[in-house]
Amino acid sequence: MISDREQNHTDKTVYTCPMHPEVRQDKPGMCPECGMTLVRTRTNADSHSDKRGQRDKHAGHSTAMFLRKFWVSLILTAPILLIEWRLIDVSAGNWISLILGSIIFFYGGWVFLAGAFREIRGKLPGMMSLVAIAISAAYLFSVFEVLRGSPHTLFWELATLITIMLLGHWLEMRAVAGAQGALKELAKLLPDEAELVDGSRVSIANLKIGDLVLVRPGAKIPADGAITEGNSELNEALMTGESKPVAKKQGDEVIAGSINGSGSLKVKVAKIGEQTFLAGVMRLVSEAQASKSRLQILSDRAALYLTIIAVVGGGVTFVAWLLAQAGLVMATERLVAVLVIACPHALGLAVPLVASISTTMAARSGLLIKQRLALEAARKVDVVLFDKTGTLTKGEFGVTDILPDEGILNLAASVNSHSEHSIAKAIVAEAKKRQLKLVEPKNFQAIPGKGAKATVSGEEVLSGSEVLLAELGASIPENLKNQIAELERQGKTVIHLVKNKQYAGSIALADVIREESREAIRDLKRVGLKIAMITGDSEDVAAWVSKELKIDEYFARVLPGQKADKVKVLQSRGLKVAMVGDGVNDAPALTQADLGIAIGAGTNVAIESAGIILVKNDPRDIPKIFRLSQLTYKKMIQNLFWATGYNLIALPLAAGVLASKGILLQPAVAAIFMSVSTVIVAFNAVLLRKEKF
């Protein structure tokens, strides 16, 4: 039997950055410091835990370290340049260059050598491996030349190469730091401590379910829970994307990290740790950043091929110059230049950095991207298929028509004010919305299956179905019969009012169409997408909603188990389908669709059937998905161009194909080109944050 202590010492797989070994996580992804692809390694569970614990302690040191190494290397490079370029005449100049070059190689270049070792150990050779081969070749060759008394060394190329690489990496890290850090930003949303109602303060980690916490004006909600006392407005913008403060009262749920307004609240903690909404968002963002899009898979493969081309091409270049009797110095110089210019860092950074930024932008706007492939698929969608109830409509009764005039609403609401029926509640809610003053009913009586009865202002009033109307012998006026028949054909529920046994009027109710749906469909059509609707309601109801919203096609009387079949019908026409549903009853259809969008997820962020989750129950957020998908794809293509375009020109120059015309790309210049291309890619990706979608 394995003891707890022995169990803690078992090995586990972790992923670390070749350049920043303090960055360690349990899944593939990008380094949050420099954007490099993390390599797999195995480590002891205890040491892994210790390293993770040290992560925050070392946060921010890496960037400063590279800057410090750059300045030291730059200062030491100056005398090497003066000696090698014969600007000063110093006896034993080669030995001085050897000493200074060795310091630069081991102090400034060690980070590249160590990174190469981690890449090779992780079976993922890349940028660090190429840089390590290049500087090692230049250094070992130069040492050999000094020892045999030859003046032909590459110390100035070595020193400038390492110095420029350090500067380029520091600049790149600055750019990446501005683009990365989505999880760090989310983590900052939580306060460090919570104040309990008894006046004591506890750390967030020590909160328990059932604790009562006091949230003062302007403070952050420490954990998910429900308000037990108080009223206020909460700023949930960073969690849900809702720009306006949300009114909260006793009984309402609150989300950890949201900012309290002017009122004091007492909140009963309902969820802590990994169960909270914010933790769920962080998990989804983390999974999305670890997942890959098709373009990223392509760029990763291209980066691997480029590494192979660089090693093979460098070797061929070296041998070719030796065979051309250009000398060992020239051959080594060309080898170093080819290896440096072909570093695939820009290519490896081009796509994942853009994807990481777009994932962060989406999360800030209330769109949770579970997989990057889902966001990429949005660009190719032809038709958006909406589930009707709860998505296009409110999923609850609302008053749509009042006959013969609005005066009848006050009477209907008064007689139904004591009723618990959903239709009665909808009538009363509409009256309150219009700020009508209701009359207190007397002798209220519910008539099962038919309606309600009460005395209002001394008169007997009944509210109910056509069956009740017939029993009382009251008849609908001829001039209203056609209107009522049309309302019923639209699938609306019509309630009639009888006062003193005489027909008084009618009220039509239906599942109310959301105004947000009209805006969403209008925006989707504006970008060329077709709109379809699926519902279990009757043909009449489906036709009415479809006409109201100008929907291109609808499917009526569809059972939950048949929704996926309707998705297949659209796909059989060669259309790419985005399905929008609630993520529960619509799970099969969401899975079958080319893109599944779960709307109205609220605090349930674990819907497995959808690729994209909308935190808010607002269909107006759906067009954002397609706009962001287009913007993301555009940036990825731009970055791939910047990452690969310079190689087409620079690689042949580095190899020396135009040497006969006096055009040679020196290793230091190659390092500048490589660093500049990487910084351009990072900067171009950051520009995505300025785009509106």
Side-chain angles (χ1 to χ4, degrees), residues 288 291-299 351 354-355 358-359 361-362 365 367-388 391-392 517 519-535 542 546 549-556 558 560-583 585-599 601 607-614 619-637 640 693:
S291 65
K292 294 186 177 183
S293 68
R294 290 186 178 88
L295 276 179
Q296 184 178 340
I297 294 170
L298 175 63
S299 69
V351 172
V354 172
S358 64
T359 301
M361 291 171 63
S365 298
L367 312 175
L368 301 183
I369 312 297
K370 285 189 63 181
Q371 295 180 338
R372 291 181 184 171
L373 285 174
L375 185 61
E376 187 172 297
R379 182 179 58 87
K380 300 178 181 179
V381 165
D382 302 302
V383 58
V384 181
L385 177 62
F386 284 92
D387 177 57
K388 180 187 78 71
T391 304
L392 296 176
S517 301
E519 292 182 44
I521 290 175
R522 183 172 63 248
D523 290 345
L524 290 170
K525 285 194 167 189
R526 193 174 293 150
V527 295
L529 292 171
K530 293 184 178 298
I531 309 298
M533 182 185 73
I534 193 167
T535 178
S546 181
L549 293 176
K550 297 181 173 57
I551 290 173
D552 300 302
E553 182 177 3
Y554 65 85
F555 301 96
V558 179
Q562 299 172 334
K563 290 183 178 180
D565 295 332
K566 301 305 178 184
V567 174
K568 292 178 183 178
V569 168
L570 293 172
Q571 290 173 330
S572 68
R573 303 176 194 166
L575 299 173
K576 296 290 184 181
V577 181
M579 171 68 191
V580 183
D582 61 15
N585 295 329
D586 303 315
L590 288 167
T591 303
Q592 176 62 40
D594 300 280
L595 171 63
I597 303 172
I599 186 172
I607 299 173
E608 300 298 332
S609 51
I612 298 177
I613 299 172
L614 274 62
R620 290 177 298 185
D621 286 338
I622 296 172
K624 294 180 183 178
I625 296 171
F626 301 98
R627 288 195 290 268
L628 181 60
S629 178
Q630 294 285 354
L631 288 171
T632 301
Y633 181 78
K634 181 181 176 181
K635 278 294 177 187
M636 287 180 175
I637 294 299
L640 286 175
F693 69 100

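Just so you know, residue 1 is the first one in the sequence shown, and it goes up from there. Note that this is a predicted model, so its numbers are computed, not measured.
Nearest approach of Leu628 to Met361, heavy atoms of both residues: CD1-CE, 4.3 Å. When all heavy atoms of Ile369 and Ala362 are compared, the closest pair comes out as CG1-CB, 3.7 Å.
With sequence neighbours left out, the salt bridge (Lys or Arg N to Asp or Glu O under 4.0 Å) criterion links Lys388 to Asp511, Asp537. Residues passing the side chain to side chain donor-acceptor pair (under 3.5 Å) test with Gln562: none are found, sequence neighbours excluded. Listed by chain and residue number, Asp618 satisfy the side chain to side chain donor-acceptor pair (under 3.5 Å) test with Arg620 (two or more places apart in sequence, or in another chain). Applying the side chain to side chain contact (heavy atoms under 4.5 Å, CB included) rule to Leu549 yields the partners Leu392, Ile513, Ser517, Arg518, Ile521, Val545, Ile551; only residues at least two apart in sequence or on another chain are considered. By the side chain to side chain contact (heavy atoms under 4.5 Å, CB included) test, Ala564 pairs with Pro588, Gln592, sequence neighbours left out. Here Ser629 pairs with Leu375, Ala378, Arg379 under the side chain to side chain contact (heavy atoms under 4.5 Å, CB included) rule; sequence neighbours left out.
Put simply, the side chain of Leu614 reaches to within 4.5 Å of the side chain of Leu367, judged on heavy atoms. Counting heavy atoms from C-beta outward, Met579 and Asp387 have side chains that approach closer than 4.5 Å. In this structure, Thr535 and Tyr554 have side chains that are not in contact, with every pair of non-hydrogen atoms separated by 4.5 Å or more.
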If you apply the rule salt bridge (Lys or Arg N to Asp or Glu O under 4.0 Å), what do you find for Lys380 with Asp594, and how did you get there? CA-CA 9 Å; Lys380 300 178 181 179; Asp594 300 280; over 6 Å; no
Between Glu553 and Leu570, does a side-chain contact (heavy atoms from CB on, under 4.5 Å) hold up when you go through it step by step? CA-CA 10 Å; Glu553 182 177 3; Leu570 293 172; 3.8 Å; yes
Could you go through Arg627 and Lys624, starting from their C-alpha distance and side-chain angles, then the distance that decides it, and tell me whether this counts as side-chain contact (heavy atoms from CB on, under 4.5 Å)? CA-CA 5 Å; Arg627 288 195 290 268; Lys624 294 180 183 178; 3.9 Å; yes
Would Asp565 and Lys568 count as a side-chain contact (heavy atoms from CB on, under 4.5 Å) here? Give the steps. CA-CA 5 Å; Asp565 295 332; Lys568 292 178 183 178; 4.3 Å; yes
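With values rounded to the nearest 0.5 angstrom, Leu524 atom CG is found 6.0 Å from Phe626 atom CZ. Atoms OG1 and CD1, on Thr391 and Ile622 in that order, are 7.5 Å from each other to the nearest 0.5 Å. Note: Ile613 CD1 to Ile597 CD1 = 11.5 Å, rounded to the nearest 0.5 Å.
Residue pairs meeting the salt bridge (charged side-chain N to carboxylate O under 4.0 Å, His left out) criterion with at least one partner in residues 525-534, sequence neighbours excluded, are Asp523-Arg526, Lys525-Asp552.
The residue from Leu595, Ile599, Asp621, Val580 that alone fulfils the side chain to side chain contact (heavy atoms under 4.5 Å, CB included) condition with Ile612 is Leu595.
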